[in-house]
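Order of appearance sets the numbers: ligands from 1, and atoms from 1 within every ligand.
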Amino acid sequence: AEAYEMILFERQGAAGIIRLNRPKALNALCDAMMAELADALARMDADPAVAAIIVTGSEKAFAAGADIREMQARRYPATYMDDFVAPWEAVLGVRKPVIAAVAGFALGGGCEMAMMCDIILAAESAKFGQPEINLGMTPGAGGSQRLTRAIGKAKAMEMVLTGRMMGAEEAERAGLVARVVPADALLAEAVKMADTIGGLSAPAVAMAKEAVNAAFELPLREGVRLERRMFLSLFGTEGQQEGMAAFLEKRKPVFRR
Ligand code: CO8
């Protein structure tokens, strides 16, 4: 773990915390950082002590986008042949819940990275935007799709076409973030969320994440079918027995991890 140069990696309670750590470049997401992030995500996904993963940045920036210095020299069709965006999608393969704890700038690829996570928790200082248009580009890691699904065409189109940033309050109203918290409470709130998840039945958590994510991929009928199969299969878990018994016995459930 200590071999990483651009991220910090620690555990707190049931949370595996990954901190993007290139402060001088406002956590611009370069290839080396994305490789480290993918590695850390896979390790935490495999670590039985981790119930949920938190991806966070600094007070000033979650991430100010893909590294423009690195991208500047790229040319087509080499870009197509190496598809340097593909490693960014590592976070989509994580089975445990991933919480983006966002303070400061979440721009371009930084906003896209946050939207690939399962839950966005925002500090009051958070600023979201897709400013690629100012570089003669469009979003390239899902921004045009995920932002539109999250906040609707009206605001997404304005943001993608003009590069306007959205503050935390507006982002919450628009449905981009789950909750806004004071900046100094951001990490503690994210850890609390991870600990809450850590106290639940792991198969139920994994299936709940898969079911909600399926809502973005499947037609309603198929999504409901998937949910039904998951719901019915959870009757085969210890978690269901413990959760229902505890309710009826008026005690707190104790789920084994
Ligand atoms: N890439 C590289 N360096 C960056 C980036 C970036 N995205 N953002 C900031 N930096 C660097 C600056 O160059 C500066 O470095 P230096 O001190 O060496 O000059 C340092 O970080 C501090 O930045 P500023 O001096 O600009 O700080 P300010 O507080 O004045 O401004 C801003 C902060 C508004 C965030 C400003 O830095 C900015 O506009 N940054 C660029 C934002 C942007 O355009 N992001 C989108 C990038 S494109 C993208 O993300 C496409 C993703 C598609 C998927 C890609 C897959 C690989």
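Contact analysis leaves Met137 out of contact with ligand 1, as no non-hydrogen atom separation drops below 4.0 angstrom. For the ligand labelled ligand 1, residue Gln130 lies outside the 4.0 Å heavy-atom shell. Residue contacts with ligand 1 leave out Glu70, since none of its heavy atoms falls under 4.0 Å from the ligand.
Nearest protein heavy-atom contact of atom 19 (O) of ligand 1 is Arg69 NH2, 4.8 Å. Scanning all protein heavy atoms for the shortest distance to atom 4 (C) of ligand 1 gives Ala25 O, 3.8 Å. The nearest protein atom to atom 28 (P) of ligand 1, hydrogens excluded, is given as Lys60 NZ, 4.4 Å; this is a heavy-atom distance. Given atom 36 (C) of ligand 1, the protein heavy atom at minimum distance is Leu26 CD1, 4.6 Å. Distance from atom 48 (S) of ligand 1 to its nearest protein heavy atom, with residue and atom name: Leu135 CD1, 3.6 Å. Among protein heavy atoms, the minimum distance from atom 1 (N) of ligand 1 is reached at Ile68 N, 2.9 Å. Residue, atom and distance of the protein heavy atom nearest to atom 56 (C) of ligand 1 are Trp88 CE2, 3.3 Å.
Not a single protein heavy atom sits closer than 4.0 Å to atom 30 (O) of ligand 1. Under the 4.0 angstrom criterion, atom 50 (O) of ligand 1 counts as having a protein heavy-atom contact. Within a 4.0 Å radius of atom 39 (O) of ligand 1, the protein has no heavy atom. Distance remark: protein heavy atom present below 4.0 angstrom from atom 21 (O) of ligand 1.
Residue Met71 approaches ligand 1 through these ligand atoms, each under 4.0 Å from one of its heavy atoms: 48 (S). Contact atoms of ligand 1 toward Gly108: 46 (C), 50 (O) (distance under 4.0 Å to a heavy atom of the residue). Listed by number with element, the atoms of ligand 1 under 4.0 Å from a non-hydrogen atom of Gly109 are 49 (C), 50 (O), 52 (C).
Annotation for Glu10: atom CD counts as buried by contact number, over 12 foreign heavy atoms lying within 6.0 Å. Within a 6.0 Å radius of OH in Tyr80, other residues, nucleotides and ligands contribute 12 heavy atoms or fewer. Annotation: Arg164, atom CZ; neighbour count of heavy atoms from other residues, nucleotides and ligands within 6.0 Å is above 12. With a 6.0 Å radius and a threshold of 12 heavy atoms from other residues, nucleotides or ligands, Arg251 has its CZ atom above the threshold. The 12-atom threshold is exceeded at CD of Glu249, counting heavy atoms of other residues, nucleotides or ligands nearer than 6.0 Å.
When non-hydrogen atoms are compared, ligand 1 lies under 4.0 Å from neither the backbone nor the side chain of Met34. Using a 4.0 Å cut-off between heavy atoms, Ala64 contacts ligand 1 through both its backbone and its side chain.
For the pair Cys111 and Ala106, the tightest heavy-atom approach, listed with the atom from each and the gap, is CB-O, 3.2 Å.
Here the straight-line distance linking atom CZ of Phe9 with atom CD of Glu36 works out to 11.0 Å at 0.5 Å rounding. Taking SG of Cys30 as the reference point, atom CZ of Arg69 lies at 12.0 Å (rounded to 0.5 Å).
Here the rule is side-chain contact (heavy atoms from CB on, under 4.5 Å) with Met166, and of Lys127, Met159, Gln130, Glu158 only Met159 fits it.
The shortest N or O to N or O distance between Pro139 and ligand 1 is not below 3.5 Å. The shortest N or O to N or O distance between Gly140 and ligand 1 is not under 3.5 Å. Between Ala28 and ligand 1, no pair of N/O atoms sits closer than 3.5 Å.
Residues Val177 and Val102 fail the side-chain proximity criterion, which asks for heavy atoms closer than 4.5 Å.
Note on Arg173 versus Glu170: no salt bridge recorded, every NZ/NE/NH1/NH2 to OD/OE distance being 4.0 Å or above.
Among Leu107, Thr79, Asp67, the residue whose heavy atom lies nearest to atom 35 (C) of ligand 1 is Leu107. In this comparison of Arg22, Glu112, Lys24, the heavy atom closest to atom 52 (C) of ligand 1 sits on Glu112.
Judged by distance alone, with hydrogens and angles left aside, the side-chain atoms of Asn27 form no donor-acceptor pair with the main-chain N or O of Ala64 at under 3.5 Å. Looking only at distances, no side-chain donor or acceptor of Asp67 sits under 3.5 Å from a matching main-chain atom of Leu29.
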Item to check | Test log, rule side chain to side chain contact (heavy atoms under 4.5 Å, CB included), inputs Met230 and Glu227 | outcome: CA-CA 5 Å; Met230 287 177 169; Glu227 181 198 79; 5.7 Å; no

